[in-house]
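Just so you know, these numbers come straight off a predicted model, no measurement behind them.
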Amino acid sequence: MQLPDFIRVPATSLIGETCYVSLVEKLQYQDVDCLKYTVSKGLGLGIVVGGSIVKVPQIMTIVSHGSAQGLSLLSYVIETLAYTITLAYNMRQHNPFSTFGEIMFITLQNLIIAGLILAYGKQAWKAIPLYLTLGGVFYALQDTHLVPWTLVQSCYAATIPLSLASKVPQILSNWRNGSTGQLSVFTVMNYFLGSAARVFTTWTELNDPLMLWGNLLASSLNLILVLQVFAYWGSAPVKQKTA
């Protein structure tokens with residue numbers, strides 16, 4: 001099957017000449033390797049696009065309610081630090097953008113949310129040192145002249161427990177309050193679906209067991225947040241007893 005160049009060129013760029021010829025021109029749908037690779041590329045692009053807006057509803061929820069109640073600043077700071085390191089790691093590895101692109105967008109959205117949490121907590125000034133610190137970490141890690149590759153690898157390995165730890169304060173906050181507060185259902189669901197799909201794309205496209213296990217564990221904790229959203233649906237936060 002011959003397709004016009006305006007379709008063929010981007011398709012070939014996405015899945016490669018070999019898989020394009022096999023699946024599109026020769027219609028060899030029994031080519032399992034190319035099928036897996038094509039599905040992975042499609043999922044990867046979908047995750048990147050979804051990642052570019054995944055936390056927008058959370059931002060809108062905070063702004064519309066004029067409150068960041070129920071959101072853990074510590075969770076967002078830890079997660080953003082982990083994502084900053086992950087972004088630098090992938091850039092140093094020259095991995096395909098479709099395998100990590102959402103990290104860049106989510107990091108930017110996390111910075112906005114952390115700023116909003118501080119602003120509504122009357123501590124807006126703390127956003128400046130936070131942004132400068134995270135920016136400095138990213139600049140140093142992605143610069144080959146400043147940080148050796150072995151140290152970048154060690155930092156990335158540390159992001160796995162760091163990423164997992166970023167979920168724990170939010171999970172514990174939900175459990176203590178008996179409510180998910182202003183946590184966005186859309187954001188939580190898309191986070192889980194995206195992390196689950198990222199397990200498949202990492203397994204298919206990258207020979208990196210460290211990234212695979214990290215994504216598996218992150219997906220598991222995202223599932224816990226999803227279950228909490230439905231378990232505490234419509235529940236008001238538990239009021240703290242005063243002496």
Side-chain angles (χ1 to χ4, degrees), residues 36 39-55 57-58 61 70-90 93 95 98-107 109-110 113-114 153-233 235:
K36 284 167 55 180
V39 170
S40 177
K41 281 295 185 182
L43 282 174
L45 282 179
I47 295 169
V48 172
V49 172
S52 68
I53 61 169
V54 68
K55 295 203 173 185
Q58 182 67 77
T61 298
L71 300 183
S72 169
L73 175 63
L74 180 60
S75 283
Y76 279 99
V77 171
I78 294 175
E79 182 181 67
T80 306
L81 176 60
Y83 278 0
T84 299
I85 296 170
T86 301
L87 185 59
Y89 174 86
N90 277 279
Q93 281 276 72
N95 288 333
S98 63
T99 63
F100 73 93
E102 78 281 0
I103 296 296
M104 180 183 72
F105 296 114
I106 294 173
T107 299
Q109 291 168 83
N110 272 355
I113 292 173
Q153 287 179 306
S154 298
C155 288
Y156 178 71
T159 67
I160 295 178
L162 198 61
S163 294
L164 300 181
S166 74
K167 306 292 182 185
V168 173
Q170 186 66 65
I171 291 171
L172 291 177
S173 176
N174 295 340
W175 176 69
R176 284 195 299 265
N177 294 327
S179 167
T180 53
Q182 303 304 331
L183 200 60
S184 167
V185 178
F186 176 87
T187 296
V188 172
M189 281 297 299
N190 277 272
Y191 231 41
F192 167 66
L193 294 174
S195 61
R198 186 52 79 199
V199 171
F200 177 77
T201 63
T202 302
W203 172 60
T204 303
E205 296 186 53
L206 302 177
N207 183 24
D208 195 327
L210 199 59
M211 286 188 70
L212 180 61
W213 280 105
N215 286 325
L216 275 169
L217 293 171
S219 182
S220 299
L221 288 185
N222 284 331
L223 176 59
I224 293 176
L225 284 171
V226 170
L227 295 176
Q228 284 188 321
V229 165
F230 288 103
Y232 299 135
W233 191 279
S235 299

request  = Any chance you could measure M104, atom CE, to S52, atom OG, to the nearest 0.5 Å?
outcome  = 9.0 Å
key: Any side-chain heavy-atom pair of E102 and V54 under 4.5 Å   = no
key: Heavy-atom side-chain proximity of N95 to L206 below 4.5 angstrom   = yes
ask   = Does a donor on one side chain sit under 3.5 Å from an acceptor on the other, for S98 and K41?
value = yes
task = Working to the nearest 0.5 Å, report the span between CD1 of I53 and CD1 of I106.
result = 11.0 Å
message = If I compare all heavy atoms of N174 with all of Y232, which pair ends up nearest, and what's the gap?
response = O-CE1, 3.5 Å
Pair Y156-D208, side-chain donor/acceptor within less than 3.5 Å = no
query = Does a donor on one side chain and an acceptor on the other come within less than 3.5 Å for T201 and R198?
reply = yes
ask   = Counting N and O atoms only, with roles assigned by atom type, does the side chain of E79 sit under 3.5 Å from a partner on the main chain of S75, one being a donor and the other an acceptor?
value = no
Student check: side-chain heavy atoms of L217 and L221 closer than 4.5 Å = no
message = Side chains of M211 and F100, heavy atoms from C-beta outward: is any pair under 4.5 Å?
response = no
E205 and S40: side chain donor to acceptor below 3.5 Å = yes
ask   = How many angstroms lie between atom OG1 of T61 and atom NZ of K55, to the nearest 0.5 angstrom?
value = 12.5 Å
query = Can you tell me how far the CG atom of N90 sits from the CD1 atom of I85, to the nearest 0.5 Å?
reply = 12.5 Å
message = Is there a side-chain contact between V229 and M189 in this structure, where contact means two heavy atoms from C-beta onward sitting under 4.5 Å apart?
response = no
request  = Answer yes or no: is there a donor N or O on one side and an acceptor on the other, between the side chain of T84 and the main chain of T80, under 3.5 Å?
outcome  = yes
ask   = Between the side chain of S195 and the main-chain N/O of F192, is any donor-acceptor distance below 3.5 Å?
value = yes
request  = Please examine the side chains of L225 and I171, heavy atoms only from C-beta on, and report whether any two atoms are closer than 4.5 Å.
outcome  = yes
note = Output for pair (I78 CD1, L73 CG), nearest 0.5 Å, gives 9.5 Å
inquiry  = Given 3.5 Å as the limit, does a donor-acceptor pair link the side chain of S173 with the main chain of P169, or not?
reply    = no
message = Is it the case that the side chain of Q170 and the backbone of Y76 share a donor-acceptor pair, with hydrogens and angles ignored and the cut-off at 3.5 Å?
response = no
query = Got L71 and Q58 here, is their nearest side-chain heavy-atom distance under 4.5 Å?
reply = yes
inquiry  = Using 0.5 Å steps for rounding, measure from the CG atom of L216 to the CD1 atom of I160.
reply    = 10.5 Å
key: F200 and V39, any side-chain heavy atoms less than 4.5 Å apart   = yes
